[in-house]
Amino acid sequence: MQITWKWMAPWLLVLVLPACVTINIYFPAAAAEKAADRIIDDVWQLKEKAASSTPAEEKDK
């Protein structure tokens with residue numbers, strides 16, 4: 001039995017068209033910038049704590 005394009009094309013469209021759907025999520029720019037600033041501040045604080053604790057540990061040895 002041969003499958004023809006006449007019968008296969010609709011099924012192909014049913015399977016392919018939903019795959020083309022894109023979901024866009026928009027974040028408020030101000031909130032994203034504020035969150036990024038908070039993360040950067042946290043990282044800098046961790047680096048400062050690590051840098052300040054290293055010399056103290058060397059003095060104890």
Connected-component partners of Ile40 among ILVMFWY, side-chain separation under 4.5 Å: Trp44
Spatial distance of atom CG (Asp42) from atom CG (Asp37) [nearest 0.5 Å]: 11.0 Å
From Ile39 atom CD1 to Lys34 atom NZ, the distance as rounded to the nearest 0.5 Å: 13.0 Å
